[in-house]
Amino acid sequence: MKKILVLSGKGGTGKTTITSALITLLSIKAYADCDVDAPNLHLVCDDNHWEKKDTPFFGMPISQIDTARCTGCGRCLPVCRFDAIIKKGKYIFRRPICL
């Protein structure tokens, strides 16, 4: 099975149009619209003969600092790519930066 991913970081670039054209031209047997903001591929695809399956999205687990094991060494600071860890007596995550 071959997989195709149509991805872009900006809305309105034509991802849905390109994807629906590929589905039609390549006779794709299964597809998924994984857009968390506005999944709209169903608007342009003929879904009468497709089995629709919705699955809930739960996201990733929330990061935590194990305060019982934290020695306060600060090695976590350069590893956090979101700059979400600060020291207020102990190391904590700045919410909502890290959710």
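Every heavy atom of this structure was used, including side-chain atoms; hydrogens, water molecules and symmetry mates were not.
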Participant: List the residues meeting side-chain contact (heavy atoms from CB on, under 4.5 Å) with Cys34, not counting sequence neighbours, and say none if there are none.
Facilitator: Ala32
Participant: How many angstroms lie between atom NE2 of His42 and atom OG of Ser20, to the nearest 0.5 angstrom?
Facilitator: 12.5 Å
Participant: Can you name the side chain to side chain donor-acceptor pair (under 3.5 Å) partners of Asn40, sequence neighbours left out?
Facilitator: Thr16
Participant: Which residues satisfy the side-chain contact (heavy atoms from CB on, under 4.5 Å) test with Thr24, sequence neighbours excluded?
Facilitator: none
Participant: Give me the atom names and distance for the closest heavy-atom approach of Leu7 to Lys15.
Facilitator: C-CD, 4.1 Å
Participant: Not counting sequence neighbours, which residues clear side-chain contact (heavy atoms from CB on, under 4.5 Å) with Ile86? List them please.
Facilitator: Lys88, Ile92, Arg94
Participant: With rounding to the nearest 0.5 Å, note down the distance linking CG in Asp33 to CD1 in Ile23.
Facilitator: 8.5 Å
Participant: Residues two or more places apart in sequence or in another chain: which of them pass side-chain contact (heavy atoms from CB on, under 4.5 Å) with Leu26?
Facilitator: Ile4, Leu22, Ile28
Participant: Find the distance between SG (Cys80) and OH (Tyr91) and round it off to the nearest 0.5 Å.
Facilitator: 12.5 Å
Participant: Can you measure from CD (Gln64) to CG (Asp66) and round to the nearest 0.5 angstrom?
Facilitator: 8.5 Å
Participant: Do Val79 and Ile85 have side chains that get closer than 4.5 Å, going by heavy atoms?
Facilitator: no
Participant: How far apart are the C-alpha atoms of Phe93 and Ile65, what are their side-chain angles, what is the distance that settles it, and do they pass the side-chain contact (heavy atoms from CB on, under 4.5 Å) test?
Facilitator: CA-CA 8 Å; Phe93 285 108; Ile65 296 175; 3.4 Å; yes
